[in-house]
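Contents: one structure, followed by commentary.
The analysis underlying the following values was restricted to heavy atoms, covering all of them including side chains, and did not include hydrogens, waters or symmetry mates. The chain is numbered in sequence order, starting from 1.
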Amino acid sequence: MGLYHGMASNSSFERGMGVCFKDNLSTTLIGPVPVHFVRRIPSSRCLRPLCSSVRKDLSVAESKRNDQGTLSVSMEEELDHVIRFKMSDFKILDCVSTGLGGRGDEIVFEALVNNRLSPLYNTKVVLRRLKTAQAQRRGKRAIEVLKKLARRRLMYHSYSMQVHGYISSLMSNGHSSFTLVHGHHSSFSLRHWLQQSDWLPTLEATLALDEESVRKVGDTTTGGPAVSRHSRLIRVLMRDLLIGVNYLHSHGLAHTELRLENVHISPVDRHVKRFSYQVGILGNAAYFHENAGSDNAPENNLDRRQMMIAFDMRCVGFMMAKMVLQELMDPLIFTKFKSFFTKGHDPSCLREYLLRVLEHRLSSGNVGLQILDRNWGAGWNLLSLLLANKPSKRISCLEALRHPFLCGPRWRVAPSKEIIRWGLGSTAVRIAEEYIYSRPQRRKLSHFIELMEMLTPHSKPKHWLEVIPGKWRFLYSTGRHIGLTLRQPPARVLIGDVCLTVARDSKLNNRLSLTSDIEFTVMRGRNWPHDKIGVNGKLVGYSSSRIQAGRRLYLKEENTTSQHVLAQKLSSQKWRKVIPFDELPSSLPAVKLVPADIDLTMKLDDPLSEDVDAARNVIQEVRTQVPPELFDLSKLICGTYVDSRLLILRSVDGSALLFTRSCLDENHR
């Protein structure tokens, strides 16, 4: 008889050397793949039958005699909606399929029902023997959950592993034995799927994604490039997962342990199964309302419900991140990913963080990043809502199912103002990252910046004082650009990160300190086009500014191309629903910056630190390449847009500077 002994931690059973496939002819060992260990036990060590008769009540005397043994009468009544089996009802198989597993207090068998009187005759099932008292409580809780969800049994069977019944008896040492009998779907867990080298085509074949299947998620085609196929598959899995989680939430239950290891895909009905072997088949599911008898129960229950739903949604967010970004399957990278939230960073800045952690300067070289960037960055928006730091800010299952990222092109979704604002900013960031500033791109960037300023979520100084403090990385300026040139500079300087750090001096006043950090490398020698290693340096500017309410004026005599295109957009029906202007306004609210004195310092590594002429040439070249507002911070006169992710400042000549919030420390740079 073969059985699987559950490991104490997930990482311990993910390092399997092979998987044992059993058929009528032979047993083949295939490896290496990340699967559970399969262990064979001699027949002499087989367990004895562990159960009594089917659905037979225990007498009161027997209950007292075996107080720690078989179930009490009250427990029998609680479990009367499922079948009580005997061990003789099953033929134990000598192999455990890949994807089945348990904790350290569980033993897993595969078996066939050989009782001809049973409705499950000749059906393959899983016997999960729960050894400790805590494990047995999980098993009984799973049956209790089934009773609560029995009103919609079809939904339960579609989105959770079916629990058929249990086996209970008294062992020779005086302790009780409890074995859960549940369905078997002969499938990998979702974690196992994602760890396969050919997981995408194999999972597509398992789900049989035909035109009818993709139509149900709003898609129009099948096949296509890897990015489209991966995106379509994520949409299918996420929608199925959210429907199942919402089914639990609508019945007053929270899953509490949603992970890739706990999710299986059934090849029979092609549904995602919330097969929670780590929670004993919904054995750790918790009720929203458990303290109804207390005086302040309504308030407590409301808070408890919100917190438990938010916890489940955060788990769904982590699962989505791993499904999209395969690099997060690496435990070291996932630890860095989780540390981003542990440190309290805003999830809206996750893209900026992951581009550096995954060592991708652009998203074009990574399929997962491209998926999240598609559709105006809708994937990043959904991920930030699922992983929001405040539980009250996290999105619900129904809201997530209506999100543009999970709705295919066939479904027209009316985006909210927040989604439009997010899309404008995401597209502007992507264009700025490409660093190919032809005239159409420059016009488009200016146009997006103008629209963002009209949709600014914060227009009052008190809101800016709360949001603007932090470190911002410079992306783009609508002012003068050098472009491609044949000039011969006095020093060959490669500009690195250009950041603006904003700090609030005191909560009692409205004064801010501004610090600009310009990192650069001075390349020496004739091989500089191929060898970018040189002398590092940094130019730091400091100033303080007082902020107050103001307005940005649009002069009527100015009729620029950008403003003309903007006026046409405002008159269209598409934008009229979002922007509360029928025509280009004469002014917009802004935050006025009243600067004070400035201070500028430069640091150069050896051997240029003692060469005054070389330092002068370096400063001249850096000032040529970087917008002048980042040297003379007094030229920044107003702020027109700020949110948790992006910042737009205007200078004295009217040019706009676009920044994105940076959450990286020195260790990740």
* Electrostatic pair Asp373-Arg351, nearest N-O below 4.0 angstrom -> yes
* **Pairing of Glu352 and Arg473 as salt bridge, 4.0 angstrom limit** => yes
In chain order, what residues pass the side-chain contact (heavy atoms from CB on, under 4.5 Å) check against [X], with sequence neighbours excluded?
X	answer
Ser392	Gln306, Lys390
Arg402	Leu398
Ala400	Leu242, Leu382, Ile395
Glu418	Ser416, Arg421

What is the minimum heavy-atom distance between [X] and [Y], and which atoms define it?
X	Y	result
Trp199	His230	CH2-NE2, 3.5 Å
Arg394	Leu387	NE-C, 4.4 Å
Asp643	His458	CA-CD2, 4.3 Å
Cys663	Phe340	CB-CE1, 3.8 Å

Can you list the residues that meet the side-chain hydrogen bond (donor to acceptor under 3.5 Å, both in side chains) rule with [X], with sequence neighbours excluded?
X	value
Trp422	Ser426
Ser348	Asp346, Ser644
Ser396	Glu399
Thr660	none

[X]: ring pair (Phe, Tyr, Trp, His ring centres under 6.0 Å) partners, not counting sequence neighbours:
X	answer
Trp464	none
His403	none
Phe474	Phe659

For a quick test of your reading: what N or O donor-acceptor pairs under 3.5 Å do the side chains of residues 314-330 make, sequence neighbours left out?
residue: Gln326; atom: NE2; partner: Met323; partner atom: O; Å: 3.4
residue: Glu327; atom: OE2; partner: Asn366; partner atom: ND2; Å: 2.6
residue: Asp330; atom: OD1; partner: Leu332; partner atom: N; Å: 3.1

* **CG (Leu494) with more than 12 external heavy atoms under 6.0 Å** => yes
* More than 12 non-hydrogen atoms from neighbouring residues, nucleotides or ligands closer than 6.0 Å to CZ on Phe341, yes or no? -> yes
* Asked: For Leu630 and Leu657, what are the C-alpha separation, side-chain angles and deciding distance, and is it a side-chain contact (heavy atoms from CB on, under 4.5 Å)?
  -> CA-CA 10 Å; Leu630 294 172; Leu657 279 74; 4.2 Å; yes
* Walk me through it: do Arg661 and Lys471 pass the test side-chain contact (heavy atoms from CB on, under 4.5 Å)? => CA-CA 6 Å; Arg661 192 183 295 272; Lys471 189 173 185 179; over 6 Å; no
* To do: Please check if the side chain of Thr427 supplies one atom and the backbone of Leu424 the other of a donor-acceptor pair under 3.5 Å.
  => no
* cation_pi(Lys140, Phe178) dist<6.0 Å, angle<=45 -> yes
* To do: Taking the six-membered ring for Trp and the single ring otherwise, decide whether the centroids of Tyr247 and His251 are under 6.0 Å apart.
  => yes
* Go through the steps for Asp497 and Arg356 under the test salt bridge (charged side-chain N to carboxylate O under 4.0 Å, His left out), then give the verdict. => CA-CA 12 Å; Asp497 287 339; Arg356 303 301 182 91; 3.2 Å; yes
